[in-house]
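Below: the structure, in structure tokens.
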Amino acid sequence: MKKINGILAGAFAALAISLLAGCGSTKVSNNVSSTPEESVVVDWQGRTLGGPVAPTWLAQWTNNDFAAVKKSLNLKESDVVKIVQMNAATQAVAQSLARTDVAAQLASGLQQTVLTEAGSGINDEGQREAVDRAARAAKAKISGFTEVAGFWQKTRATAANGEQTVEYIQWVAFSSTKENWERICKIYLGEIAGANGLTTDTQKKI
């Protein structure tokens with residue numbers, strides 16, 4: 001495990017960017033037209049108080065301006081941010097799904113990034129497979145993330161046959177300190193390096 005910090009640095013650098021990607025294919029919309037032939041936003045959080053159809057941090061997220069997102073949310077540049085997006089028939093369900101899905105998304109993202117970073121330095125196919133098995137078997141214990149912002153939109157889509165579908169989109173932003181995320185990465189990498197079937201050389205590379 002002598003090179004654990006090298007793998008950790010690569011994993012952290014990649015995830016610091018990818019964790020802002022969110023999930024789902026629907027992006028925040030500013031379309032408030034009532035034209036029935038298109039998907040439109042018919043309600044949103046804070047509308048009755050004159051609030052915008054999308055907050056600044058959410059608009060910045062859609063533009064991949066990650067530094068601006070952190071600034072808008074009053075976070076440190078080194079902080080890790082995860083924005084989760086969920087769609088559901090009701091706002092309450094969409095919010096609940098977004099709040100409970102963050103740990104699973106973080107764990108999945110960490111697993112894939114570590115597989116890429118660790119596997120790239122291992123030439124032996126058998127050892128690469130062993131690392132792959134170990135990484136998939138190890139459980140990343142996600143903790144220390146705090147909800148820092150949230151927003152919802154209610155949309156209405158009209159199909160070609162005229163059928164209308166109402167859906168709620170919920171975005172929730174979570175943040176953690178860099179130190180906390182590095183701790184999670186170190187524990188996860190430690191479990192992989194200690195798995196059966198790895199040679200001493202492979203363990204050193206991890």
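Quantities reported herein were computed from a predicted structural model and do not represent experimental measurements.
In this structure the side chain of F174 never reaches within 4.5 angstrom of the side chain of V81, judged on heavy atoms. Contact check for Q111 versus Y188: side-chain heavy atoms found under the 4.5 Å cut-off. Between V84 and Q105 the shortest side-chain heavy-atom distance falls below 4.5 Å. Side chains of R156 and T165 form no contact here, defined as non-hydrogen atoms less than 4.5 Å apart. By the 4.5 Å heavy-atom criterion applied to side chains, S175 and L73 are not counted as neighbours. Annotation: side chain of Q170 is in contact with side chain of Q91 (closest heavy-atom distance under 4.5 Å). The shortest distance between side-chain heavy atoms of T155 and V42 does not fall below 4.5 Å. Counting only heavy atoms from C-beta outward, the side chains of D43 and Q153 never approach each other to under 4.5 Å.
For the pair N180 (side chain) and S143 (backbone), a donor-acceptor distance under 3.5 Å is present. Using a distance-only test at 3.5 Å, with no hydrogens or angles considered, a donor-acceptor pair links the side chain of N63 to the main chain of A59. A donor-acceptor pair is defined here as one N or O able to donate and one able to accept, closer than 3.5 Å; such a pair exists between the side chain of T100 and the backbone of S96. For W44 (side chain) and G51 (main-chain N/O), a donor-acceptor pair under 3.5 Å exists by modelled atom type.
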| request: Could you please spell out the steps behind the side chain to side chain donor-acceptor pair (under 3.5 Å) verdict for T177 and R183? | output: CA-CA 10 Å; T177 64; R183 177 187 61 79; over 6 Å; no
| message | Would E163 and T158 count as a side chain to side chain contact (heavy atoms under 4.5 Å, CB included) here? Give the steps. | response | CA-CA 6 Å; E163 182 179 353; T158 304; over 6 Å; no
| field | Trace of the side chain to side chain contact (heavy atoms under 4.5 Å, CB included) decision for S72 with Q60 | value | CA-CA 9 Å; S72 293; Q60 293 165 336; 2.7 Å; yes
| task | Step by step, work out the salt bridge (charged side-chain N to carboxylate O under 4.0 Å, His left out) result for E147 and R99. | result | CA-CA 8 Å; E147 182 176 332; R99 285 174 170 171; 3.0 Å; yes
| said: Using the rule given for side chain to side chain contact (heavy atoms under 4.5 Å, CB included), can you reason through I184 versus F145, listing the C-alpha separation, both sets of side-chain angles and the distance that settles it, and then say yes or no? | reply: CA-CA 11 Å; I184 293 172; F145 277 78; 4.3 Å; yes
| request: Begin from the C-alpha positions of L106 and W181 and carry the test side chain to side chain contact (heavy atoms under 4.5 Å, CB included) through to its verdict. | output: CA-CA 10 Å; L106 285 165; W181 183 245; 4.1 Å; yes
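Rounding to the nearest 0.5 Å places CZ of R133 at 13.0 Å from CD1 of I192. Distance check, rounded to the nearest 0.5 Å: CG of N87 to CH2 of W152 gives 14.0 Å. Separating the CZ atom in F66 from the CD atom in E77 is a distance of 14.5 Å, to the nearest 0.5 Å. With values rounded to the nearest 0.5 angstrom, D65 atom CG is found 11.5 Å from K70 atom NZ. Within the model, atoms CH2 of W171 and OG1 of T62 stand 9.5 Å from one another, a figure rounded to the nearest 0.5 Å. Distance check, rounded to the nearest 0.5 Å: CD1 of I142 to NZ of K82 gives 11.0 Å.
In the hydrophobic clustering of this structure, Y168 does not group with M86; members are Ile, Leu, Val, Met, Phe, Trp, Tyr whose side-chain heavy atoms approach within less than 4.5 Å, directly or through other members.
Test V148, I83, L75 against W57 for side-chain contact (heavy atoms from CB on, under 4.5 Å) and you get one pass: I83.
The nearest pair of heavy atoms linking L110 to C185 is CD1-SG, 3.7 Å. Across all non-hydrogen atoms, the minimal contact from A94 to A88 is N-CB, 3.6 Å.
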